[in-house]
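These notes concern the structure reproduced below.
Everything quoted here is computed from the prediction, not taken from an experiment.
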Protein chains: 2
Amino acid sequence: MTALVKAEAFHTGAVPFNSEIVIDASRLAAGASLKTLRAGETLFVEGDRAPFCYQVVSGVIKEYNTLEDGRRQVADFYSVGDLFGFSEAKHHLCSAEAVTDGTVRCYPKDAYLRAISSSPELSYQFLGALMSRLHRTRERMIVLGRMSAAQRVAAFLLRLSAEQQTLHGVTFLMSRQDIADHLGLTIETVCRILTSFKKSRLIEMKTARLFDVLDIAALDAVANGVARPH
Amino acid sequence: MTALVKAEAFHTGAVPFNSEIVIDASRLAAGASLKTLRAGETLFVEGDRAPFCYQVVSGVIKEYNTLEDGRRQVADFYSVGDLFGFSEAKHHLCSAEAVTDGTVRCYPKDAYLRAISSSPELSYQFLGALMSRLHRTRERMIVLGRMSAAQRVAAFLLRLSAEQQTLHGVTFLMSRQDIADHLGLTIETVCRILTSFKKSRLIEMKTARLFDVLDIAALDAVANGVARPH
DNA sequence: CGTGCAATTGAAAGTACTCAAGCCACGTGG
DNA sequence: CCACGTGGCTTGAGTACTTTCAATTGCACG
């Protein structure tokens, strides 16, 4: 059975949410530059030439695709240490935008990839990181393909909760729209499900962007389909 | 806009469906063995130790995850030339099963990955292949997260059609169940949509496993959401 | 204390799923 | 050769879940 849908996957922290690609880039930093971004600012757009790849220094970045009708699919949220924007293509295959204020390091892509290829050690490390990222993307496929709205939201809450080690509640760094776009739902559905979790005392909303998990086991049960969504 | 949902992505063949990881493995073949599989036979199961990675020599293999309730998400179908089963983990993260009779080459994974890492050229090539695979997985996320049942099926038919260059119709090498599990639908929904395409004269079913595309443009329109699913 | 955007709620409409039969091609045994 | 199973595919009816459209509420800010 898939680890994704098991409780442990979300809160043991065995696989930190967004930190699998955290290669020590010190020796690759030559030629890299820093760029600061305000929340909502666009870093690159699908189809742009892609001379750089990026690493999050602070803040949160989202990568997403836009469909003809304006709907979006948020592929992933990246936080400190995460690499993104790399791809074998000459042009970006998705867009990237700052979710919060933040800073990214920009690496000239060609040089970066060649530097990695030329060192067996870095190479091996990067391959592993890429495979790990591939795995996470596949987990998301399961979420999108096979989980109900309530399961998706529950899983997402657990993931956020596992990521943020704070004891003062968990923060939604992204908007409801971002969450919906990430989970393949509408904003209204996300709201309704949060409300239902609130009513069932699985979580407590302190503000719209801050909540506490009151009952991890029950949330797990919902995420895993053990509990009837209702 | 996302390439996936554009018509060309499906039938120009610019990016052959399953052939991005086709590294010339001649110099890696040392130590590799062949294994023949009958349709339906399992190659490995999620959680198995993973000493090998594999390359399809003939036939079609599917990789999938199973959920507690028995539903499955088919991550991908692999055909001749495709590599699969590699991962940084010690254990397989999904299961693999033969869709048709076929043969796979088995590479000792450690040696394989180290061989690749130690050659800058192979390394660069493999990185690109892996990124390409990552991209395809993301496209699948869009399919699963944002497309209607009719769009999913239309896109799938177009992809099959683009893959198979035959003029004698297109063959479903996999069962309806496999298709449903791949598209995040139920077997009944897949059937109904095929029937509706048949009635609209978008396709013609010659047998349950063999069809002709009668109207590519219209199928594209459905896949891209231009045509109202009806 | 408005203003404006984000979030929430309600009602109605779809869409895809579940359950339950029916159909069809094929292989087996009488 | 044909009845009988068998397994995969197709169809139907009813249901559950999610979305759509339309307000309404809440909250940060000037």
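Following rounding to the nearest Å, B/Ile193 (CD1) and D/dC9 (P) show an atom-to-atom distance of 16 Å. Here C/dA16 presents its C1' atom at 12 Å from CZ of A/Arg146, a figure rounded to the nearest Å. Rounded to whole angstrom, the span from the CZ atom of B/Phe172 across to the P atom of D/dT10 amounts to 8 Å. The CG atom of A/Leu183 sits 12 Å away from the P atom of D/dT18 (whole-angstrom rounding). What separates CG of A/Asp181 from P of D/dT19 is a distance of 11 Å, to the nearest Å. Atom-to-atom, CG of A/Leu144 to C1' of C/dA16 comes out at 16 Å; the value is rounded to the nearest Å.
Taking 4.0 Å as the cut-off between side-chain N and carboxylate O, A/Asp212 and A/Lys206 count as a salt-bridged pair.
The cationic atom of B/Arg72 (NZ for Lys, CZ for Arg) lies less than 6.0 Å from the six-membered ring centre of B/Tyr64 and within 45° of the ring axis. With B/Phe156 as the aromatic partner, B/Arg152 does not meet the cation-pi criteria of under 6.0 angstrom to the ring centre and within 45 degrees of the ring axis.
Within 6.0 Å of the NZ atom in B/Lys109, the count of heavy atoms belonging to other residues, nucleotides or ligands exceeds 12.
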Margin query: Within the 4.0 Å limit for protein heavy atoms, which parts of nucleotides 24-30 of chain D are touched? Write it as a string from 5' to 3', B for base, S for sugar-phosphate only, - for none.
Written below: -------

Notebook entry, point to check: How does each nucleotide of nucleotides 4-11 of chain C score, in 5' to 3' order, for protein heavy atoms under 4.0 Å: base (B), sugar-phosphate only (S), or none (-)?
Noted result: ---SBBBB

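Taking the six-membered ring where the residue is Trp, the centroids of A/Phe172 and A/Phe211 are separated by under 6.0 Å.
Within the 4.5 Å cutoff, the side chain of B/Asp76 has heavy atoms near those of the B/Arg136 side chain.
Residue B/Tyr54 forms a ring pair (Phe, Tyr, Trp, His ring centres under 6.0 Å) with just one option from B/Phe44, B/Tyr78, B/Phe86, and that option is B/Phe44. Here the options are A/Leu173, A/Ile179, A/Val99, the test is side chain to side chain contact (heavy atoms under 4.5 Å, CB included), and the partner is A/Phe77; only A/Val99 passes.
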